Amino acid sequence: MTAADTDTSVRPTAAANWRALGTSVRLVTTDPALLDSCNLLLARQLAEVDAACSRFREDSELVALDSAGGRPVRVSPLLAEALAVALRAAAATDGAVDPTVGSAMNAIGYDRDFRLVQEDGRPVKLTVRPVPGWRLIRLDRETGTVTVPVGVRLDLGATAKAWAADKAAVTLARAAGCGVLVSLGGDTAVAGEPPAGGWRIRVQDVTGSVEETPPPGPYATVCLRGGGLATSGTTARAWRSGPHTLHHILDPDTGLPADSPWRTVSVAATTCADANAASTAAFVKGTGAERWLSGLGLPARLVARDGTVVTTPGWPTTGTPQFSPPNSRSSNAGEAGDFAARADISARPAFEDKGGSGGAAPRVGTGRGGGGEESPAAATTETTP
């Protein structure tokens with residue numbers, strides 16, 4: 001849920017927009033001559049991710065695990081990496097982000113491409129049933145095998161797109177030797193040399209194409225120079241099912257859509273995967289999520305249902321000239337159970353984002369932020385219309 005623009009007075013950019021993985025794709029390069037070749041490489045990478053990780057393709061590697069009968073299955077390095085990212089996110093969020101929600105997703109009717117779910121509207125029976133739990137999954141990276149217990153279905157929706165954005169941005173930047181922004185459904189990763197002044201990211205609750213004039217409403221604009229941005233919320237993926245309004249962010253403790261006081265949570269981190277895991281977990285955790293994020297040293301912007309905006313230390317405010325990330329709290333940042341939160345993000349004055357480069361169809365964005373402090377400052381709060 002990000003929209004980005006760039007200062008093109010010094011370095012031109014070029015952008016391409018299309019759809020893959022059931023969501024919007026936006027690719028931006030700081031060298032227009034390299035856009036087409038980068039786009040072809042991105043399309044190839046996303047096709048490989050879809051074949052490995054899709055929950056909606058009968059021929060995907062992930063779906064094949066459903067019929068493994070609890071036996072170890074050798075998987076591709078790509079799926080093994082995606083599973084490792086999902087399990088790391090589960091450990092780092094104390095299980096608030098859990099890849100064993102597949103059956104629960106099916107139970108609430110999210111068992112096909114989201115556009116089809118929206119068009120259906122058939123009523124479903126909502127039953128409280130905790131998900132099996134990520135600790136049941138055994139991934140052996142040395143042998144390249146994964147063991148999924150009988151009856152457990154995996155869903156990598158909370159991590160796979162953000163991980164794919166990270167992976168693609170780094171790969172394309174290295175191959176092209178220029179700055180690259182990859183946004184998949186608003187999960188945004190950047191790599192390489194950024195445009196002059198950085199990538200401008202508009203953070204807003206509402207969704208829409210980056211080419212459209214943004215609807216009125218509270219928003220923030222930050223400047224991203226590296227890493228990832230992500231927003232989790234219910235403004236983009238919610239649907240009616242009989243008398244119920246449902247959404248795609250499940251609480252693993254109930255197996256039902258999370259009842260959160262937040263309508264969106266935006267987080268900045270070293271990688272888009274970390275940012276997205278943290279924003280999703282914060283949405284699920286609900287009250288007190290801002291303290292959890294502050295304790296991890298993750299800059300964040302949380303918007304409550306009534307429009308109140310809460311920001312954690314490190315999230316820039318207009319007029320902040322430059323964000324200098326503090327040292328990471330942990331010497332083993334980046335390993336399982338840790339968020340590596342070093343970033344380079346600064347504030348930008350509010351602007352009319354009517355086009356230009358960057359971003360994805362959803363407009364709510366993220367930032368990129370610094371590591372934690374032992375005693376983080378209190379979150380700040382403002383009330384917006």
Side-chain angles (χ1 to χ4, degrees), residues 1-4 16-28 39 41-57 60-62 78-79 81-90 93 97-99 101-102 105 110 112-115 117 154-172 180-191 201 207 227-237 247-250 264-281 283 358-366 368:
M1 296 175 153
T2 15
N17 300 282
W18 43 290
R19 291 187 66 83
L21 307 181
T23 192
S24 60
V25 177
R26 185 166 178 88
L27 168 67
V28 189
N39 206 33
L41 181 55
L42 176 60
R44 185 181 309 139
Q45 288 196 354
L46 296 186
E48 292 172 350
V49 170
D50 192 49
C53 303
S54 175
R55 187 166 59 90
F56 306 130
R57 287 181 51 165
S60 77
E61 281 194 89
L62 189 73
L78 192 66
L79 181 56
E81 184 179 343
L83 289 170
V85 170
L87 294 174
R88 175 178 178 269
T93 62
V97 177
D98 192 313
V101 297
M105 284 288 193
Y110 196 176
R112 75 209 89 162
D113 184 270
F114 183 69
R115 288 182 173 181
V117 174
L154 299 179
D155 173 30
L156 304 183
T159 55
K161 286 195 297 292
W163 159 73
D166 285 325
K167 193 174 183 68
V170 171
T171 300
L172 296 179
V180 172
L181 178 148
V182 176
S183 182
L184 303 178
D187 292 341
T188 303
V190 300
I201 310 295
T207 63
L229 305 158
T231 294
S232 295
T234 60
T235 58
R237 294 211 171 193
H247 60 79
H248 70 298
I249 304 179
L250 301 192
T264 56
V265 180
S266 302
V267 177
T270 304
T271 65
C272 186
D274 275 2
N276 193 55
S279 64
T280 302
F283 187 90
R363 285 193 172 274
V364 179
T366 54
R368 171 143 171 76

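Computed from a predicted model, the values in this text were never measured in an experiment.
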How close do [X] and [Y] get, counting heavy atoms only, and between which atoms?
X: T23; Y: K161; value: CG2-CD, 3.6 Å
X: L79; Y: L62; value: CD2-N, 4.2 Å
X: A191; Y: A169; value: CB-O, 3.4 Å
X: S279; Y: V265; value: CB-O, 3.4 Å

Between the side chain of [X] and the main-chain N/O of [Y], is any donor-acceptor distance below 3.5 Å?
X: T188; Y: G186; answer: yes
X: D166; Y: T271; answer: no
X: N276; Y: A158; answer: yes

Distance in Å, [X] [atom1] paired with [Y] [atom2], rounded so as to fall on 0.5 Å steps:
X: L83; Y: E61; atom1: CG; atom2: CD; result: 9.0 Å
X: C53; Y: L46; atom1: SG; atom2: CG; result: 11.0 Å
X: I201; Y: L181; atom1: CD1; atom2: CG; result: 5.5 Å

TODO: Go through the steps for W163 and L156 under the test side chain to side chain contact (heavy atoms under 4.5 Å, CB included), then give the verdict.
DONE: CA-CA 10 Å; W163 159 73; L156 304 183; over 6 Å; no

Open item on the list: Counting C-beta onward and ignoring hydrogens, is there a side-chain heavy-atom pair between S24 and N17 closer than 4.5 Å?
Closed with: no

Task: Check against side chain to side chain contact (heavy atoms under 4.5 Å, CB included), D155 and L250 - done: CA-CA 11 Å; D155 173 30; L250 301 192; over 6 Å; no

- [ ] Would you check, one step at a time, whether the test side chain to side chain contact (heavy atoms under 4.5 Å, CB included) holds for T280 with T93?
- [x] CA-CA 9 Å; T280 302; T93 62; over 6 Å; no

Open item on the list: Distance alone, cut at 3.5 Å: any donor-acceptor contact between the side chains of S54 and S60?
Closed with: no

Task: Step-by-step side chain to side chain contact (heavy atoms under 4.5 Å, CB included) determination, L78 to K167 - done: CA-CA 11 Å; L78 192 66; K167 193 174 183 68; 3.8 Å; yes

